[in-house]
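Shown next, in structure tokens, is the structure this report addresses.
For the numbers below, each heavy atom of this structure counts, side chains included, while hydrogens, waters and symmetry mates do not.
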Amino acid sequence: MKKLFLAGLLVVGTLLTGCGQEKSTVVQVKGSDTILNVTQGIAENFMEKNPKAKIAVTGGGSGVGISSLLNKTTDIAMASRSMKQSEIDKARELGIGIEEVVLGFDGITLIVNNDNPVKDLDSVTLGKIFRGEITNWKEVGGEDAKIVALSRDSSSGTHEFFKEHIIRGGEKNNLEYGAETLYMPSNEAIKQEVKSNKYAIGYIGMGYMDNTVHSLSVDGVTPSKENVANKTYPIAREVYWYAPSEREGVIKELVDFAVSENGQEIVEKEGFIKR
């Protein structure tokens with residue numbers, strides 16, 4: 001866990017009444033679609049062990065989760081990217097103390113239709129495809145057909161991470177997704193489109209991968225748990241919860257459970273790598 005900054009005001013899920021008595025409320029967890037399922041699994045398991053706890057988990061994207069944390073409309077933000085400096089500055093300005101909690105590790109998985117003969121692409125070629133510079137599958141060893149590039153929408157942390165590491169090649173520049181890129185609201189939406197469209201290519205969190213689509217090797221490395229864990233897969237990243245830096249009650253217990261052995265077993269079961 002990394003404490004980003006400390007300050008006096010906190011986002012809390014348990015309020016105190018004027019007479020100092022604890023008033024129970026629902027702990028809100030909001031943000032990244034990529035870790036939505038694993039967070040729901042953690043919350044459900046926690047509530048089974050703690051019947052009095054009430055936790056609501058909703059998606060919307062990393063950006064939505066972090067902005068909700070800053071607006072004090074969620075208690076914990078799920079994110080598949082680190083907080084931006086502008087968000088850290090905003091939290092300081094508002095006097096909100098936030099701690100970065102690494103939930104686990106994820107490999108961004110490039111997927112194509114099962115009938116697509118292309119099985120491996122390098123990072124440079126992927127950048128050209130998603131910038132709209134390569135537009136036909138025959139240019140990369142596939143059929144003579146237009147490439148349909150699918151991306152998560154701009155509120156997604158995976159969208160930001162993919163742009164930084166693939167679209168921009170890890171360099172500081174203004175390169176962007178191609179003009180004909182189709183933006184999808186979730187990992188599942190991308191997977192379903194790739195499943196039904198022979199010429200589509202998209203990316204999802206590895207926890208969403210199944211045999212209805214085919215995963216590509218990137219730079220000759222398959223997006224396996226092993227390769228994410230040993231850091232040989234080129235587009236892997238940490239996934240986070242952002243929580244109050246000073247917390248108590250259900251929020252503290254939930255975060256402690258998520259990073260415990262039991263919580264991390266759920267992370268692994270949902271297809272991610274334990275921290």
Side-chain angles (χ1 to χ4, degrees), residues 1-4 29-46 57 59 61-63 65-66 69 76-84 87 98-111 123 126 151-152 155-170 186-188 190-191 202-210 213 215-243 254-275:
M1 299 184 191
K2 181 169 65 179
K3 290 192 179 181
L4 300 179
V29 186
K30 187 180 295 186
S32 171
D33 174 73
T34 298
I35 55 172
L36 178 63
N37 288 348
V38 64
T39 298
Q40 286 176 331
I42 290 169
E44 288 166 8
N45 195 284
F46 179 85
V57 181
S62 300
I66 293 170
L69 191 60
I76 296 172
M78 302 177 286
S80 57
R81 62 164 173 84
S82 298
M83 284 183 70
K84 299 175 183 178
E87 293 165 336
I98 300 174
E99 185 171 335
E100 181 183 90
V101 180
V102 176
L103 187 66
F105 298 87
D106 177 38
I108 296 178
T109 305
L110 273 297
I111 57 171
S123 300
L126 284 170
S151 167
R152 290 295 312 284
S155 66
S156 160
T158 308
H159 168 106
E160 291 288 337
F161 187 93
F162 193 83
K163 179 165 68 176
E164 179 183 344
H165 291 271
I166 298 298
I167 304 292
R168 296 179 176 174
S186 66
N187 286 273
E188 191 62 35
I190 287 179
K191 187 170 70 175
Y203 55 82
I204 58 175
M206 64 188 302
Y208 286 82
M209 185 62 198
D210 60 33
V213 292
S215 63
L216 297 180
S217 296
V218 179
D219 298 332
V221 183
T222 58
S224 66
K225 289 184 179 181
E226 214 173 56
N227 290 336
V228 171
N230 65 27
K231 303 188 187 305
T232 57
Y233 185 67
I235 40 177
R237 66 329 184 16
E238 297 173 327
V239 288
Y240 310 98
W241 280 6
Y242 285 99
L254 178 61
V255 173
D256 289 347
F257 177 74
V259 299
S260 72
E261 185 176 342
N262 288 339
Q264 289 296 293
E265 284 177 2
I266 298 169
V267 169
E268 191 170 47
K269 181 182 176 183
E270 290 294 331
F272 297 91
I273 307 302
K274 296 191 289 187
R275 48 179 275 143

Check: Thr158/Arg237 side-chain N/O donor and acceptor closer than 3.5 Å: yes

Looking at Ala77, is its backbone amide N or carbonyl O close enough to the side chain of Tyr240 to form a donor-acceptor pair, meaning the two atoms are under 3.5 Å apart? no

Identify the heavy atoms of Met209 and Ile111 that sit nearest to each other, and give their distance. SD-CG2, 3.7 Å

So, taking the atom named CD1 in Ile235 and the one named CE in Met206, what distance separates them when rounded to the nearest 0.5 Å? 11.5 Å

Main chain of Arg152, side chain of Tyr203: is a donor-acceptor contact present, judged purely on distance under 3.5 Å? yes

Can you tell me how far CD1 of Ile35 sits from OG of Ser62, rounded to the nearest 0.5 angstrom? 7.0 Å

Output for pair (Asn262 CG, Asn45 CG), nearest 0.5 Å, gives 7.0 Å

Looking only at heavy atoms, the pair that brings Leu254 and Val29 closest together is CD2-CG2, 4.3 Å

For Glu164, is there an ion pair with Arg81 - N to carboxylate O distance below 4.0 angstrom? no

Taking Asn187 for the side chain and Gly205 for the main chain, is one N or O donor matched with an acceptor at less than 3.5 Å? yes

Please give me the minimum heavy-atom distance between Ser151 and Ile190, naming the atom from each residue. C-CD1, 3.8 Å

Shortest non-hydrogen contact from Val267 toward Gly104: CG1-CA, 4.4 Å

When you compare the side chains of Asn227 and Thr222, does any donor N or O come within less than 3.5 Å of an acceptor on the partner? yes

Donor-acceptor under 3.5 Å (Lys84 side chain, Gly63 main chain): no

Given 3.5 Å as the limit, does a donor-acceptor pair link the side chain of Thr109 with the main chain of Gly107, or not? yes

Is there a donor-acceptor pair closer than 3.5 Å between any side-chain N or O of Asn230 and the backbone N or O of Thr232? yes

Keeping the roles fixed (side chain from Asp33, backbone from Gly59), state whether a donor-acceptor pair exists under 3.5 Å. no

Side-chain heavy atoms of Pro223 within contact of Val218, under 4.5 Å: no

Please report the closest heavy-atom contact between Lys274 and Phe105, naming both atoms and the distance. O-CD1, 3.5 Å

How many angstroms lie between CD in Glu238 and CZ in Phe161, if you round to the nearest 0.5 Å? 9.5 Å

Rounded to the nearest 0.5 Å, how far does CD of Glu268 lie from CZ of Arg275? 14.0 Å

Checking the side chain of Lys191 only, and the main-chain atoms of Ile204 only, is there a donor and an acceptor separated by less than 3.5 Å? no

Apply side-chain contact (heavy atoms from CB on, under 4.5 Å) to the pair Asp106 and Tyr208, showing each step before the final yes or no. CA-CA 11 Å; Asp106 177 38; Tyr208 286 82; over 6 Å; no

A side-chain contact here means heavy atoms from C-beta on lying under 4.5 Å apart; do Phe272 and Asn37 qualify? no

Is there a donor-acceptor pair closer than 3.5 Å between any side-chain N or O of Tyr242 and the backbone N or O of Met83? yes

Are any of the side-chain heavy atoms of Ile108 and Ile166 separated by less than 4.5 Å? no

Any side-chain heavy-atom pair of Trp241 and Val259 under 4.5 Å: no

Look only at the side chain of Gln264 and the backbone of Leu103, and say whether a donor-acceptor pair between them is shorter than 3.5 Å. yes

Just how far is it from atom CD1 of Ile266 to atom CZ of Phe257, taken to the nearest 0.5 Å? 4.5 Å

